[in-house]
Amino acid sequence: MGKILVHGKTAGRIVETEAYLGVDDRAAHAWRGITNRTRLLFGPPGHAYVYFIYGMYECLNFVAEEEGKAGCVLIRAIEPVAGIGLMWRRRPAAKRVEDLGSGPGKLTLALGITRRQNGADLTRGSLHVRQLLEEPDMRIEVTPRVGIRHCADWPLRFLIAGNPFVSR
DNA sequence: CAATAGATCATCT
DNA sequence: GATGATCTATTGC
């Protein structure tokens, strides 16, 4: 949370995330164990897991657990920081700056992230995360996750309190 | 404002 | 063959 997600000429501050656990979390893709799609989730941390959903959208996750153990973080919203003109072109439906990246499907569009980035190493390369030298103060709010059926009450959604760029 | 339908396909049963 | 970690446009109040 609060870190800068960079892809090419565009960048945004991560303001909302959700945690997906491993085989004990029925809402997680890794729940059923290793399949072609979920293999990455059981691999080393610090890599991107990008999946296609609802026949239309792609969602970006960071693999977050040590190798052999599944667990990841879904990036749910970003606050645009750089390359905002390009983001507008990639998100013609957006009416306000707040709409550019305020949802998991929106931010991948705004940042130009697709399944091509699946498996990308987030510590180097055109898709990576940066730490600000001085992080502004923020309070992190915790709520249940959005849009799932199983484990719907687990408090695993995190957002920066009061930030206008979180999803609706 | 809230509720809802439709778009559309990879993945797993 | 059904489902889904979503978004948008449209409807109705």
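Letters A, B, ... mirror the listed sequences (proteins, then strands); counts begin at 1. This one's a predicted model, so the numbers in the text were calculated from it and none came from an experiment.
Members clustered with A:L132: A:I4, A:V6, A:V81, by chain and number, using a 4.5 Å side-chain heavy-atom cutoff among hydrophobic residues.
Neither OP1 nor OP2 of C:dC7 sits under 4.0 Å from any side-chain N or O of A:R91. Between A:K106 and C:dT8 there is a side-chain N or O to OP1 or OP2 distance below 4.0 Å.
Distance CZ (A:R90) to P (C:dT8): 16 Å, rounded to an integer number of Å. Taking atom CZ of residue A:R32 and atom P of nucleotide C:dT3, one finds them 12 Å apart after rounding to whole Å. In this structure, CG of A:D99 is placed 7 Å from P of C:dT8, rounded to the nearest angstrom. Residue A:R37 contributes atom CZ, which lies 9 Å from atom C1' of C:dG4 at whole-angstrom precision. As rounded to whole Å, 16 Å separates atom P of C:dT6 from atom CD1 of A:I113.
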For this session: Show your working on side chain to side chain contact (heavy atoms under 4.5 Å, CB included) between A:L159 and A:V142 and close with a plain yes or no.
Result: CA-CA 7 Å; A:L159 51 103; A:V142 183; over 6 Å; no
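The OH atom of A:Y20 sits 8.5 Å away from the SG atom of A:C72 when rounded to the nearest 0.5 Å. Note: A:L127 CG to A:I113 CD1 = 5.0 Å, rounded to the nearest 0.5 Å. Summarising the geometry, atom OG1 belonging to A:T10 is positioned 11.0 Å from atom CG belonging to A:L100; distances are rounded to the nearest 0.5 Å. In this structure, A:T123 OG1 and A:H128 NE2 are separated by 10.0 Å, a value rounded to the nearest 0.5 Å. Between A:R89 atom CZ and A:L109 atom CG the span is 14.5 Å, to the nearest 0.5 Å.
A:T38 places a side-chain N or O within 3.5 Å of a backbone atom of A:G33 that can act as its donor or acceptor partner. A donor-acceptor contact shorter than 3.5 Å links the side chain of A:H7 to the backbone of A:L111. Between the side chain of A:H47 and the backbone N or O of A:G119, at least one donor-acceptor pair lies under 3.5 Å.
For residues 76-88 of chain A, the pairs satisfying salt bridge (charged side-chain N to carboxylate O under 4.0 Å, His left out) are A:R13-A:E79, A:E16-A:R76, A:E18-A:R76, with sequence neighbours left out. Pairs of residues two or more places apart, or lying in two chains, that qualify as side chain to side chain donor-acceptor pair (under 3.5 Å) and include a residue from residues 52-66 of chain A are A:E58-A:R115. Identified under the salt bridge (charged side-chain N to carboxylate O under 4.0 Å, His left out) test for residues 36-53 of chain A, with sequence neighbours left out: none. Sorted by first and then second residue, the side chain to side chain donor-acceptor pair (under 3.5 Å) pairs with a member in residues 132-142 of chain A read A:K3-A:E135; sequence neighbours excluded. Within the structure, side chain to side chain donor-acceptor pair (under 3.5 Å) contacts touching residues 142-154 of chain A (residues at least two apart or in different chains) are A:D25-A:R145, A:T143-A:R157.
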Distances under 3.5 Å between nitrogen or oxygen atoms of protein and nucleotides 11-13 of chain C:
none

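Interface residues of residues 161-168 of chain A facing DNA chain B, ordered by number: none; criterion, heavy-atom separation under 4.0 Å. Interface residues of residues 13-27 of chain A facing DNA chain C, ordered by number: A:Y20, A:A27; criterion, heavy-atom separation under 4.0 Å. Scanning residues 43-81 of chain A for heavy-atom distances under 4.0 Å to DNA chain B yields A:F52, A:Y54, A:G55, A:M56.
Counting any heavy atom pair closer than 4.0 Å across all strands shown, A:R145 reaches no nucleic acid atom.
A stem is defined here as three or more consecutive Watson-Crick or G-U pairs, each with both distances under 3.5 Å; for DNA chain C these stems are B:1-7 with C:6-12, B:9-12 with C:1-4.
On the nucleic acid side, DNA chain B has its first and last nucleotide under 4.0 Å of a heavy atom of chain A at B:dA7 to B:dT13, going 5' to 3'.
Around the CZ atom of A:R124, the shell of radius 6.0 Å holds no more than 12 heavy atoms that belong to other residues, nucleotides or ligands.
Across A:W88 and A:R96, no two heavy atoms sit closer than the pair CH2-C, 3.4 Å. In this structure, A:F158 and A:A19 approach most closely via the heavy-atom pair CE1-CB, 4.2 Å. Across every non-hydrogen atom of A:L60 and A:L74, the tightest pair is O-CD1, 3.5 Å.
Mapping A:I148 and A:L109 onto DNA chain C by nearest heavy atom places A:I148 at the nucleotide closer to the 5' end.
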